[in-house]
S.K.: 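Encoded as structure tokens, here's the structure I'll be asking about.
We're numbering straight along the sequence, starting at 1. On a predicted model such as this, the values are computed, not experimentally measured, just so you know.
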Amino acid sequence: MLKKISISQLKPGMFVHQIVEQKGKLSVKNQGRVTSTDVVTTLKKRGVKTLIIDTEKAFNPANNTDAGAQKAATASSEEKSKAKPMKFENELQRAVKLHEQGKAIQHALQVNLQKETPYDGSIPKAFSAKLVESVERNPDALLCLTKIREKDDYLLEHSLNVAILLANFAKFLGMSDEEVNELSYAGFLHDLGKIMIPDEILHKPGLLTESEMEVMKGHVQHGVDHLTDTDIKPYLIRAVAEHHERLDGLGYPKGAKDEEISKAGRMLAIADMYDALTADRVYKSGMSSQKAFSILMSEAPTRLDIYLVQQFIKCLGIYPVGSLVLLSNERLAMVMHQNDSPLTPLVKVFYSVKQGHYLTPKDCDLSTDKSLSIVKAVTASDYNIDINAFFERSVSLG
């Protein structure tokens with residue numbers, strides 16, 4: 001049964017059939033479930049005065065599982081407690097599931113933005129907290145997953161990876177638990193506005209024209225406008241607004257410079273650029289971490305914060321977990337763990353370059369095996385190998 005109510009009567013568990021009266025510039029057009037008080041707050045901020053609900057579609061918000069997001073956001077009492085250190089193999093199993101949940105939540109958020117419907121802010125916020133818990137248990141697990149990509153899922157994976165990178169970066173800098181959680185949350189939401197950019201521009205393989213670039217730059221404001229109607233803290237919205245600003249004032253959208261750019265914005269800019277440089281796209285392969293680090297350093301100190309860039313590289317290590325390296329015996333290996341010496345990590349050897357075939361995977365600690373050394377960082381595309389298949393077969397399954 002349809003029933004007309006005022007916004008003050010709207011409660012979680014109700015299903016909005018139609019907006020009857022609304023004031024303000026941003027309009028809410030679509031139907032949808034009210035999953036939490038955050039959604040009610042968002043509708044109020046958007047100027048909704050009266051609306052029609054469908055009482056037959058009422059539901060229990062505690063049981064809502066839309067897009068798998070609620071399941072991802074609901075943590076058990078064990079997960080809510082202080083995370084305890086865990087072995088890489090054990091944490092990786094949980095991290096793989098968490099990574100998939102993150103992509104599902106990203107997809108749901110993008111659909112909401114496209115349809116101009118409010119979303120339950122508690123879901124991505126709780127999910128970001130779960131990312132941080134995983135990092136606390138074993139940072140290598142999620143960091144390894146940032147290197148395992150699906151070319152068609154770049155838009156979903158990029159913000160998820162940036163959230164993971166920021167959680168590690170903030171912890172490395174000794175920031176408070178609250179700051180670590182919030183920076184990860186900002187990273188998870190930072191590129192939502194890109195879903196509003198036409199695909200022919202967003203996925204164009206060549207250089208964008210001047211007019212296309214202006215459209216592309218609009219993704220920042222699209223995202224900020226959407227986040228302004230949520231309960232996300234203003235300083236996090238500011239960080240999202242600044243992730244393409246540069247210290248020399250030649251960034252966008254405002255051309256902010258030097259001290260006008262917050263620390264959170266500077267950190268987000270670095271993590272965003274690094275993940276974009278190392279990502280595989282449909283039209284190009286990602287570069288090695290070392291090449292990406294070189295570009296980051298070339299952008300400092302004129303465009304990027306030199307101290308933060310240096311700390312970011314120290315945080316990830318010269319050979320980041322999940323990256324590929326060529327060894328002195330002409331074999332490829334994946335970096336699995338950082339040792340005290342950044343040049344001698346623990347690696348998993350899996351491919352013979354000389355013979356051109358896969359090997360039975362074998363762990364090798366370069367800090368103790370002095371017969372081997374790393375020649376250089378490489379990418380899977382350099383050798384035309386399927387690193388995702390190797391990972392699923394030989395790493396994630398133990």
Side-chain angles (χ1 to χ4, degrees), residues 99 139-151 153-154 157-158 160-162 164-166 168-169 172 205 269-300 303-304 306 308-339 341-354 356 358-359 361 363-364 366-367 372-392 394-395:
H99 204 266
D140 292 342
L142 279 174
L143 280 176
C144 193
L145 290 176
T146 65
K147 298 296 183 181
I148 308 303
R149 305 173 184 268
E150 297 293 339
K151 292 181 180 179
D153 284 348
Y154 172 75
E157 292 178 337
H158 174 60
L160 174 57
N161 288 346
V162 170
I164 294 168
L165 291 169
L166 281 174
N168 279 275
F169 191 16
F172 180 81
I270 293 168
D272 172 65
M273 182 181 291
Y274 171 78
D275 188 73
L277 290 171
T278 55
D280 285 333
R281 314 275 187 103
V282 174
Y283 54 83
K284 79 167 187 71
S285 298
M287 64 180 62
S288 70
S289 295
Q290 284 193 317
K291 287 184 179 178
F293 289 155
S294 177
I295 290 176
L296 290 177
M297 287 299 296
S298 72
E299 293 279 294
R303 308 199 77 217
L304 297 176
I306 181 64
L308 290 176
V309 169
Q310 291 171 339
Q311 294 303 306
F312 181 75
I313 295 173
K314 287 181 181 179
C315 170
L316 294 186
I318 295 174
Y319 303 108
V321 171
S323 60
L324 301 185
V325 292
L326 174 65
L327 302 179
S328 54
N329 62 353
E330 295 188 73
R331 294 184 174 182
L332 300 183
M334 176 179 282
V335 178
M336 305 305 297
H337 179 70
Q338 300 286 345
N339 287 319
S341 171
L343 297 177
T344 57
L346 174 69
V347 301
K348 188 179 289 289
V349 183
F350 70 93
Y351 188 84
S352 171
V353 174
K354 188 174 183 179
Y358 288 92
L359 305 168
D363 288 340
C364 178
L366 296 179
S367 67
L372 289 176
S373 61
I374 294 175
V375 176
K376 62 179 179 178
V378 297
T379 65
S381 61
D382 293 336
Y383 300 91
N384 197 30
I385 58 176
D386 187 347
I387 194 63
N388 289 21
F390 158 71
F391 180 83
E392 292 174 5
S394 305
V395 179

S.K.: Go through the structure and list residues passing side-chain hydrogen bond (donor to acceptor under 3.5 Å, both in side chains) with E299, not counting sequence neighbours.
M.R.: R303
S.K.: Should M273 and L296 be marked as a side-chain contact (heavy atoms from CB on, under 4.5 Å) after you check the CA-CA gap, both sets of side-chain angles, and the distance that decides it?
M.R.: CA-CA 8 Å; M273 182 181 291; L296 290 177; 3.5 Å; yes
S.K.: Might you work through the side-chain contact (heavy atoms from CB on, under 4.5 Å) test for F391 and I148, ending with a clear yes or no?
M.R.: CA-CA 8 Å; F391 180 83; I148 308 303; 3.8 Å; yes
S.K.: As an exercise, state the distance from CG of N161 to CG of L143, rounded to the nearest 0.5 Å.
M.R.: 9.5 Å
S.K.: For a side-chain contact (heavy atoms from CB on, under 4.5 Å) check, start with the C-alpha distance between K291 and T278, then their side-chain angles and the critical distance, and finish with the verdict.
M.R.: CA-CA 9 Å; K291 287 184 179 178; T278 55; over 6 Å; no
S.K.: Hey, can you pull the donor-acceptor pairs under 3.5 Å for the side chains in residues 308-332, sequence neighbours left out?
M.R.:
residue	atom	partner	partner atom	Å
S323	OG	P320	O	2.5
S328	OG	S373	N	3.2
N329	OD1	R331	N	3.3

S.K.: Can you sort out the partners of S288 under side-chain hydrogen bond (donor to acceptor under 3.5 Å, both in side chains), two or more places apart, ordered by chain and number?
M.R.: none
S.K.: Who passes side chain to side chain contact (heavy atoms under 4.5 Å, CB included) against S294, sequence neighbours left out?
M.R.: none
S.K.: Y358: which residues meet the ring pair (Phe, Tyr, Trp, His ring centres under 6.0 Å) condition with it, sequence neighbours left out?
M.R.: Y351
S.K.: Please tabulate, one pair per line, all N/O donor-acceptor pairs under 3.5 Å involving side-chain atoms of residues 383-390, not counting sequence neighbours.
M.R.:
residue	atom	partner	partner atom	Å
D386	OD1	N388	N	3.2
D386	OD1	A389	N	3.1
N388	ND2	R149	O	2.6
N388	ND2	E150	OE2	3.4

S.K.: Is there side-chain contact between S289 and K147, with heavy atoms separated by less than 4.5 Å?
M.R.: yes
S.K.: Could you go through M334 and V349, starting from their C-alpha distance and side-chain angles, then the distance that decides it, and tell me whether this counts as side-chain contact (heavy atoms from CB on, under 4.5 Å)?
M.R.: CA-CA 7 Å; M334 176 179 282; V349 183; over 6 Å; no
S.K.: With sequence neighbours excluded, tell me which residues meet side chain to side chain contact (heavy atoms under 4.5 Å, CB included) with A269.
M.R.: R246, L304
S.K.: Taking atom types as modelled, find out whether D153 and H158 have a side-chain donor-acceptor pair closer than 3.5 angstrom.
M.R.: no
S.K.: Looking at K376, I'd like to know if its NZ atom is crowded, meaning that more than 12 non-hydrogen atoms belonging to other residues, nucleotides or ligands lie closer than 6.0 Å.
M.R.: no
S.K.: Going by heavy atoms in the side chains, are L343 and I374 under 4.5 Å from each other?
M.R.: no
S.K.: Tell me every residue that passes side-chain hydrogen bond (donor to acceptor under 3.5 Å, both in side chains) with S381, counting only those two or more places apart in sequence or in another chain.
M.R.: T379
S.K.: Partners of D280 by side-chain hydrogen bond (donor to acceptor under 3.5 Å, both in side chains), sequence neighbours excluded?
M.R.: none
S.K.: Checking D363 now: which residues fulfil salt bridge (Lys or Arg N to Asp or Glu O under 4.0 Å) with it, not counting sequence neighbours?
M.R.: K348
S.K.: Kindly write out the residues that satisfy side chain to side chain contact (heavy atoms under 4.5 Å, CB included) with H337, not counting sequence neighbours, or none if the list is empty.
M.R.: D140, N339, L346
S.K.: Could you grab the distance from atom NE2 of H99 to atom CD1 of I164, nearest 0.5 Å is fine?
M.R.: 4.5 Å
